[in-house]
Amino acid sequence: MTETVAQGRTEALLNTAYKTVKSASELILNLMPKVKDEQLKSDMTVHLSALEAFSSRTVKLLAEENAKPEEESTVTKMSAKLGSMMNTLLDSGNSRLAELMIENATSGVSELTRTLRESENLGVSESALRLSRDVCTFEEKRIQKMKEYL
């Protein structure tokens, strides 16, 4: 495997991890004004803090690859915000908010796991693999935590 291909796969994996983390962060920020339960708000704040740390790690690793994170377009961000507003219009109880968090995390973990599996034997940097595995593990634990609110 050439170094260029390995670097490209490393960048692709890191960008998938970045998108997973940013999507979850954006959802939390969009849902936070709807949260009335203090325990759920606390759990979401802890989740957001950890996601920000993952985001920083990802940006640092991308910089080591001489790359920048691929940001979502403004249209995509606005669409996600509108979607979360519509999804909580009639029901913004703990169960509904947790359900949205679970759906987002499940989607992110699925995409990241797929990219991780495609990248494992292609010379991708160990630090990118470790970060991606850490994000998946963290998000899977958050899914279990959010199930307590269903």
Side-chain angles (χ1 to χ4, degrees), residues 1-35 40-88 92 96-150:
M1 189 68 43
T2 67
E3 189 172 321
T4 306
V5 171
Q7 183 178 4
R9 291 302 305 172
T10 297
E11 287 176 33
L13 179 59
L14 288 170
N15 270 305
T16 302
Y18 183 77
K19 287 177 185 175
T20 298
V21 167
K22 291 305 274 188
S23 173
S25 296
E26 290 290 326
L27 179 65
I28 290 172
L29 292 171
N30 290 337
L31 295 179
M32 197 64 86
K34 306 257 185 189
V35 181
L40 178 57
K41 188 175 281 193
S42 175
D43 286 343
M44 289 172 70
T45 302
V46 168
H47 189 175
L48 183 60
S49 178
L51 291 168
E52 288 171 355
F54 279 124
S55 177
S56 295
R57 278 177 62 192
T58 307
V59 169
K60 182 180 177 224
L61 290 175
L62 279 163
E64 290 173 8
E65 298 292 327
N66 298 315
K68 292 183 179 177
E70 294 174 5
E71 297 290 343
E72 295 289 346
S73 71
T74 303
V75 172
T76 302
K77 286 181 183 180
M78 290 306 293
S79 177
K81 184 174 182 111
L82 182 61
S84 63
M85 286 172 51
M86 294 298 292
N87 281 318
T88 57
S92 62
R96 181 65 182 141
L97 297 174
E99 183 180 352
L100 293 171
M101 298 269 298
I102 290 167
E103 288 171 1
N104 176 272
T106 300
S107 174
V109 168
S110 295
E111 180 65 26
L112 185 53
T113 299
R114 185 178 316 109
T115 306
L116 184 57
R117 292 264 155 66
E118 292 169 353
S119 303
E120 284 179 324
N121 297 316
L122 298 177
V124 170
S125 78
E126 188 56 43
S127 55
L129 293 170
R130 188 176 325 106
L131 171 81
S132 298
R133 289 181 189 119
D134 290 349
V135 169
C136 285
T137 300
F138 175 77
E139 284 294 87
E140 288 167 349
K141 287 178 182 173
R142 297 310 304 165
I143 289 168
Q144 294 309 311
K145 180 69 176 168
M146 286 295 113
K147 284 182 180 179
E148 295 174 12
Y149 293 98
L150 294 178

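Residues Leu112 and Ser132 come closest through the heavy atom pair CD2-O, 3.6 Å. Here the shortest heavy-atom pairing between Ala17 and Leu131 reads CB-CD2, 4.4 Å. Across all their heavy atoms, Cys136 and Thr113 have their closest contact at SG-OG1, 3.6 Å. When all heavy atoms of Ala12 and Thr115 are compared, the closest pair comes out as O-CG2, 4.3 Å. Contact detail for Val59 and Pro69: the closest heavy-atom pair is CG2-CG, 3.9 Å. Residues Val124 and Arg9 come closest through the heavy atom pair CG2-CB, 3.6 Å.
Residue pairs that meet the salt bridge (charged side-chain N to carboxylate O under 4.0 Å, His left out) test with at least one member in residues 11-30, sequence neighbours left out, are Lys19-Glu70. Applying the side chain to side chain donor-acceptor pair (under 3.5 Å) definition to pairs two or more places apart or across chains, those involving residues 47-63 are His47-Glu139, Arg57-Asp134.
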Between side-chain atoms of residues 98-109 and protein atoms elsewhere (two or more places apart, or another chain), which donor-acceptor pairs fall under 3.5 Å?
{"unit_1": "Glu99", "atom_1": "OE1", "unit_2": "Arg96", "atom_2": "NH1", "d": "3.3"}
{"unit_1": "Glu99", "atom_1": "OE2", "unit_2": "Arg96", "atom_2": "NH1", "d": "3.4"}
{"unit_1": "Asn104", "atom_1": "ND2", "unit_2": "Ser23", "atom_2": "OG", "d": "2.9"}
{"unit_1": "Thr106", "atom_1": "OG1", "unit_2": "Ile102", "atom_2": "O", "d": "2.8"}

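When Arg133, Arg130, Arg114 are each tested for a salt bridge (charged side-chain N to carboxylate O under 4.0 Å, His left out) with Glu120, only one passes: Arg133.
Atom-to-atom distance recorded for Asn87:CG and Asn30:CG is 11.0 Å, nearest 0.5 angstrom. The CG atom of Leu31 sits 5.5 Å away from the OG atom of Ser84 when rounded to the nearest 0.5 Å. The line from CD of Glu72 to OH of Tyr18 is 9.5 Å long, rounded to the nearest 0.5 Å. Between Leu29 atom CG and Met44 atom CE the span is 8.5 Å, to the nearest 0.5 Å. Rounded to the nearest 0.5 Å, atoms OG1 (Thr16) and CD (Glu118) are 8.5 Å apart. The CE atom of Met146 sits 8.0 Å away from the CD atom of Glu148 when rounded to the nearest 0.5 Å.
Here the side chain of Ser25 pairs no donor or acceptor atom with the backbone of Leu51 at under 3.5 angstrom. Within the 3.5 Å criterion, the main-chain N or O of Lys41 finds a donor-acceptor partner in the side chain of Thr45. At least one donor-acceptor pair under 3.5 Å links the side chain of Arg142 to the backbone N or O of Asp43.
In this structure, Glu65 and Ser125 have side chains that are in contact, with non-hydrogen atoms separated by less than 4.5 Å. Taking the side chain as every heavy atom from C-beta outward, Gln7 and Thr4 never approach each other to under 4.5 Å.
For Met32, the CE atom sits in a packed shell: over 12 heavy atoms of surrounding residues, nucleotides or ligands are nearer than 6.0 Å.
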